[in-house]
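To start, I am sharing the structure in question, which I have written as structure tokens.
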There are 2 protein chains.
Amino acid sequence: MPQKATSPKYVRLTGEERRARLIEAGLACMARGGIQEFTVDKICAEAGVSRGLIIHHFGSMNALLTAVYATMYDGSTKLTRDLAPGETRLAALLNAFFAPEVFNREAFNIWLTLWGQISINPDLRDEHRVQYADYVRDVADAISEVAVARGRNVDADALARSLVCLIDGLGIQHCIEPTSMQADDAKAACRFFLLPHLGSF
Amino acid sequence: MPQKATSPKYVRLTGEERRARLIEAGLACMARGGIQEFTVDKICAEAGVSRGLIIHHFGSMNALLTAVYATMYDGSTKLTRDLAPGETRLAALLNAFFAPEVFNREAFNIWLTLWGQISINPDLRDEHRVQYADYVRDVADAISEVAVARGRNVDADALARSLVCLIDGLGIQHCIEPTSMQADDAKAACRFFLLPHLGSF
DNA sequence: GCCACAACTATACGGTAGTTCAACAGAGAA
DNA sequence: TTCTCTGTTGAACTACCGTATAGTTGTGGC
């Protein structure tokens with residue numbers, strides 16, 4: 001006795017929506033097991049679709065990886081865009097960097113994996129160059145703003161480049177051994193780093 | 001016409017020597033292509049031996065990976081052991097960290113790969129805990145030494161933990177985009193980081 | 001010279017990688 | 001309803017993964 005309204009065998013989405021979900025699934029796999037879990041089988045299982053979809057929507061696994069990288073970068077920078085009620089932009093940036101959505105094990109597991117790929121994969125390298133330059137400039141501007149307000153003369157660019165490296169290193173440490181480097185510790189370390197140059201902000 | 005003294009089909013080494021060469025080959029592959037090039041085929045080809053040797057000498061690829069990690073750590077810390085003619089231990093440490101043998105693209109490509117594995121592979125994790133703690137204590141002691149000599153009161157431990165993260169971050173940046181962060185820049189950044197707390201040293 | 005042992009080669013095996021492709025099916029247009 | 005487009009399935013393909021193992025060969029002790 002056939003049902004009149006059979007449940008559909010699959011949910012059909014727009015290409016854009018499906019791509020977003022595959023990227024999300026890719027991020028989940030990467031957070032769980034690095035590049036070794038970033039495979040067709042694992043990602044499609046995570047997304048609940050058949051193996052054919054990644055190639056259909058992205059053309060190759062490498063293209064999906066690039067998309068994942070872009071998404072990760074957008075996600076981080078977006079959080080730092082809209083903020084600052086009464087605080088300085090620099091303080092707001094730091095708060096954003098060390099918010100739980102950004103500063104957590106999963107996220108840095110992903111970053112660690114992606115950084116490892118950047119120096120290998122030319123596509124990622126190019127994407128990275130632009131994104132990273134913007135990121136550093138953002139931080140440098142925020143530092144500059146405080147320095148000007150305080151009447152201090154600092155090399156905002158050099159300071160920003162170091163600070164950004166410090167943040168990366170703190171994140172890695174948190175990822176590898178969370179208890180030894182928690183968000184508050186990391187934020188304090190950044191403030192401590194800036195303190196002699198900018199005073200409190 | 002058979003030769004009396006035929007050239008041997010392979011060179012036979014002691015287990016220890018062969019293991020060392022396989023580790024070296026593994027490092028070379030990892031530097032070249034991350035964990036994805038760290039495979040039986042690639043490593044054995046690099047070492048110029050047949051595919052069976054890794055299992056024979058290490059039992060598993062995972063064991064080779066652990067050995068590679070240990071070797072990498074030993075190599076870095078050994079360079080920081082024997083030095084200091086008239087300079088402070090801290091200055092000597094910094095010089096060692098940013099020496100070409102330690103601070104270069106290949107090395108940080110390997111570190112990036114290994115860090116990515118640490119948070120996944122429990123064996124590596126345990127090994128890392130001990131090594132890293134020693135490393136930080138070393139740096140903290142060196143900072144303390146300078147602080148005492150200068151009569152300054154600093155939290156050497158916190159400073160060391162931050163400095164170590166900063167160094168990691170600087171290395172990553174150098175690895176990803178060498179021209180934007182060279183050894184001298186990185187060393188200067190560390191000195192700049194310590195300057196307000198310790199003065200020049 | 002011969003033996004015994006360990007280093008080494010060579011190949012096989014089951015599993016899984018990324019990609020290709022023909023066929024199926026949901027959804028909007030006519 | 002029927003057509004068309006395209007998202008989607010699922011199996012097939014080649015290549016390579018790590019591991020296991022049988023057989024070969026170099027070497028040092030007797």
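Letters go in sequence order (proteins before strands), and every chain restarts at 1. Computed from a predicted model, the values in this text were never measured in an experiment.
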Expressed as a whole number of angstroms, how long is the span from B:L65:CG to D:dT19:P?
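Rounding to the nearest Å, CG of B:L65 and P of D:dT19 are 11 Å apart.
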
Could you state the atom-to-atom distance from CZ of B:F58 to P of D:dA20 in whole Å?
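After rounding, the gap between these two atoms is 16 Å.
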
Could one point to a donor on the side chain of A:R51 or the base of D:dA11 with an acceptor on the other under 3.5 Å away?
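It does not, because no donor-acceptor pair links the side chain of A:R51 to the base of D:dA11 below 3.5 Å.
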
Pair of N/O donor and acceptor under 3.5 Å linking D:dG7 base with A:Y10 side chain:
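Donor-acceptor pair under 3.5 Å: yes.
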
Spacing of A:D41 atom CG relative to C:dG14 atom P, expressed in whole Å:
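Distance, rounded to whole Å: 19 Å.
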
Does B:H56 have a side-chain nitrogen or oxygen under 4.0 Å from the phosphate oxygens OP1 or OP2 of D:dA20?
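So the side-chain polar atoms of B:H56 never come under 4.0 Å of the phosphate oxygens OP1 or OP2 of D:dA20.
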
I'd like to know if A:R18 reaches the base of D:dT6 with its side chain such that a donor and an acceptor end up less than 3.5 angstrom apart.
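For A:R18, whose side chain was compared with the base of D:dT6, there is no donor-acceptor pair (under 3.5 Å).
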
Going by atom types only, do A:S180 and A:Q173 share a side-chain donor-acceptor pair under 3.5 Å?
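The answer is yes; a qualifying pair exists.
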
Closest to the A:T39 side chain: C:dG18, D:dT19, C:dA6?
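Looking only at side-chain atoms, A:T39 lies closest to C:dG18.
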
Taking all non-hydrogen atoms of both residues into account, name the closest pair between A:Q36 and A:T39 and its distance.
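Where A:Q36 meets A:T39 most closely, the heavy atoms are O-CG2, 3.5 Å.
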
Of the listed nucleotides C:dT9, D:dG26, C:dG18, the one nearest the side chain of B:S50
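When the side chain of B:S50 is considered, C:dT9 is the closest of C:dT9, D:dG26, C:dG18.
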
Charged N to carboxylate O under 4.0 angstrom, A:R32 versus A:E37?
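Counted as a salt bridge, because a side-chain N and a carboxylate O are separated by less than 4.0 Å.
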
Rounded interatomic separation in angstrom, taking CD from B:E37 and P from C:dA17
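Those two atoms, CD and P, are 18 Å apart.
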
Between C:dT19, C:dG26, D:dT19, which one does the side chain of B:I55 approach most closely?
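So the side chain of B:I55 is nearest to D:dT19.
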
Can you establish whether the number of heavy atoms outside B:E17 located under 6.0 Å from its atom CD is more than 12?
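Count over threshold, so yes.
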
Given atom CD of A:E16 and atom C1' of D:dG7, what is their separation to the nearest angstrom?
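To the nearest whole Å, that distance equals 15 Å.
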
Return the value, rounded to whole Å, for the distance between atom CG of B:L22 and atom C1' of D:dG18.
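Distance check: B:L22 CG to D:dG18 C1' gives 15 Å.
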
If each of B:M61 and B:R12 is mapped to the nucleotide of DNA chain D with the nearest heavy atom, which maps nearer the 5' terminus, i.e. the 5' end?
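Result: B:M61.
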
Testing the 3.5 Å rule here: is there a donor-acceptor pair between the side chains of A:D123 and A:T66?
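Note: A:D123 and A:T66 side chains miss the donor-acceptor criterion.
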
Out of C:dT19, D:dG26, D:dT6, which nucleotide sits closest to the side chain of A:S60?
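Comparing C:dT19, D:dG26, D:dT6 against the side chain of A:S60, the answer is C:dT19.
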
Considering the options A:Y69, A:Y135, A:W115, which one meets the side chain to side chain donor-acceptor pair (under 3.5 Å) requirement together with A:H128?
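Considering A:Y69, A:Y135, A:W115, a side chain to side chain donor-acceptor pair (under 3.5 Å) with A:H128 is found only for A:Y69.
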
At how many degrees, to 10°, do the end axes of the helix from C:dG1-D:dC30 to C:dA30-D:dT1 meet when each uses five pairs?
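Taking the rotation axis at each end, their angle is 0°.
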
Separation of B:L13 atom CG from C:dT9 atom C1', in whole Å?
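Between C1' of C:dT9 and CG of B:L13: 14 Å.
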
Ionic contact status for B:D184 with B:K187, cut-off 4.0 Å:
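Answer for the salt bridge query: no.
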
Grab the CZ-P distance between A:R19 and D:dT8 for me, whole Å please.
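So the CZ-P distance, A:R19 to D:dT8, works out to 10 Å.
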
